[in-house]
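As structure tokens, the structure follows; a few thoughts come after it.
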Amino acid sequence: MSPCAKPVRHIHEQYDTHRRDIINTMTLIPLLNGIMSASARAAEDPVPPAAEAAASVVPVKPKLFIARDFLFEYPRGWTLIEDLEGGDSMADRRRQNVVRGEVKSPDGTISVSVIQQQASKLKQTLFQITSISQLGTAEEVSKVILPPGTKINQVSVRTFEVPSKNTGTVVGVIERDPIVIYRYSAQLQNGVRSEIAAGVILGRILILGAGCPEDKWDSSEPVLKAIADSFKLLPR
């Protein structure tokens with residue numbers, strides 16, 4: 001793993017737990033492998049000028065992908081992948097890494113996926129892992145969630161304050177720990193550029209990756225960064 005080009009930035013924000021609707025999508029395709037293959041294939045195919053222009057435009061009002069425990073924003077006009085594999089039982093999917101959501105740009109050069117994995121597979125602990133910071137620093141975690149040979153260009157840590165919760169029981173109001181998101185700007189070994197956001201909720205690590213071929217980076221960088229920056233976890 002190459003050393004980071006810039007020091008880790010720490011950002012603190014107030015958390016918004018608003019939900020509008022729920023979309024549940026799952027498939028067994030690994031996140032970063034999917035980004036690498038899809039983006040690499042797109043780089044080899046001719047792209048219609050209209051589609052290329054549409055892929056580089058950041059809309060004023062993006063669409064919102066909301067699942068039970070995470071959300072992210074993406075441009076209107078992009079394709080939502082409902083279920084790439086299908087046919088597998090829910091129990092089988094829960095035992096493996098699953099892609100919880102995926103969208104693609106009109107020309108297919110940008111692929112965005114969210115993968116889920118049990119955090120205990122990355123680090124054995126006596127208690128349930130509730131924050132990605134319990135797995136290590138952003139640099140340490142990058143070594144276990146990113147493919148070998150990945151070059152990290154920038155790392156930041158985003159901290160979201162979570163409002164207290166009224167349990168409705170004799171316990172009363174409880175204070176909740178902040179949610180921590182690790183953000184990476186990276187270049188995979190095959191040249192694909194990727195913006196990545198990762199966090200832990202209820203013992204599960206959720207990783208969003210938005211990637212494009214190197215030759216599309218200049219026009220796609222604002223879109224990729226906006227998508228990854230919009231990734232949030234939804235505490236119950």
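Since the structure is predicted, the reported quantities are computational estimates derived from the model, not experimental observations. Atom set for the values below is all heavy atoms of this structure, side chains included, hydrogens, waters and symmetry mates excluded.
The two residues Glu73 and Ile227 make their nearest non-hydrogen contact at O-CG1, 3.5 Å. Looking at every heavy atom in both residues, Ile110 comes nearest to Cys212 through CG1-CB, 4.0 Å. When all heavy atoms are compared, the tightest approach of Ile132 to Val180 is CG2-O, 3.4 Å. Across every non-hydrogen atom of Ala228 and Ile196, the tightest pair is CB-N, 4.4 Å. Taking both residues in full, the closest heavy atoms of Pro235 and Ile179 are given as CD-CD1, 3.6 Å, listed atom of the first, atom of the second, then distance. In terms of heavy atoms, Ile181 sits closest to Gly199 at CD1-CA, 4.0 Å.
Note that CD1 of Ile205 and CD1 of Ile129 are 8.5 Å apart. Values are rounded to the nearest 0.5 Å. The distance from atom CD of Gln128 to atom CD1 of Ile201, rounded to the nearest 0.5 Å, is 10.0 Å. In this structure, CZ on Arg76 lies 9.5 Å from CG on Leu64, to the nearest 0.5 angstrom. Rounding to the nearest 0.5 angstrom, the gap separating the CD atom in Gln117 from the CD1 atom in Ile207 is 6.5 Å. Atom CD of Glu195 sits about 9.0 Å away from atom CG of Asn153, to the nearest 0.5 Å. Distance check, rounded to the nearest 0.5 Å: CZ of Arg183 to CG of Leu208 gives 8.5 Å.
Evaluation of the side-chain hydrogen bond (donor to acceptor under 3.5 Å, both in side chains) rule for Thr79 yields no partner, not counting sequence neighbours.
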Given Leu146 and Ile152, is the side chain to side chain contact (heavy atoms under 4.5 Å, CB included) satisfied, shown in steps?
CA-CA 10 Å; Leu146 302 181; Ile152 300 178; 4.0 Å; yes

Q: Decide yes or no on side chain to side chain contact (heavy atoms under 4.5 Å, CB included) for Trp78 and Val223, but give the supporting numbers first.
A: CA-CA 12 Å; Trp78 286 28; Val223 179; 3.6 Å; yes

Working note: Ser185 + Lys225, criterion side chain to side chain contact (heavy atoms under 4.5 Å, CB included); need CA distance, chi angles, decisive distance, verdict. CA-CA 8 Å; Ser185 295; Lys225 289 184 178 295; 3.2 Å; yes

Applying side chain to side chain contact (heavy atoms under 4.5 Å, CB included), run through Leu224 and Trp217 and close with a yes or a no. CA-CA 9 Å; Leu224 293 175; Trp217 173 247; 3.4 Å; yes

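Side-chain atoms of Tyr184 come within 3.5 Å of backbone N or O of Ala138 as a donor-acceptor pair. The closest donor-acceptor contact from the side chain of Arg193 to the backbone of Gly211 lies at 3.5 Å or more, if one exists at all.
Remark: aromatic rings of Phe72 and Phe231 are distant, center separation not under 6.0 Å.
Within the 4.5 Å cutoff, the side chain of Tyr182 has heavy atoms near those of the Val157 side chain.
Note on Asp69 versus Arg100: salt bridge recorded, some NZ/NE/NH1/NH2 to OD/OE distance being below 4.0 Å.
Pairs of residues two or more places apart, or lying in two chains, never qualify as salt bridge (Lys or Arg N to Asp or Glu O under 4.0 Å) while including a residue from residues 127-136.
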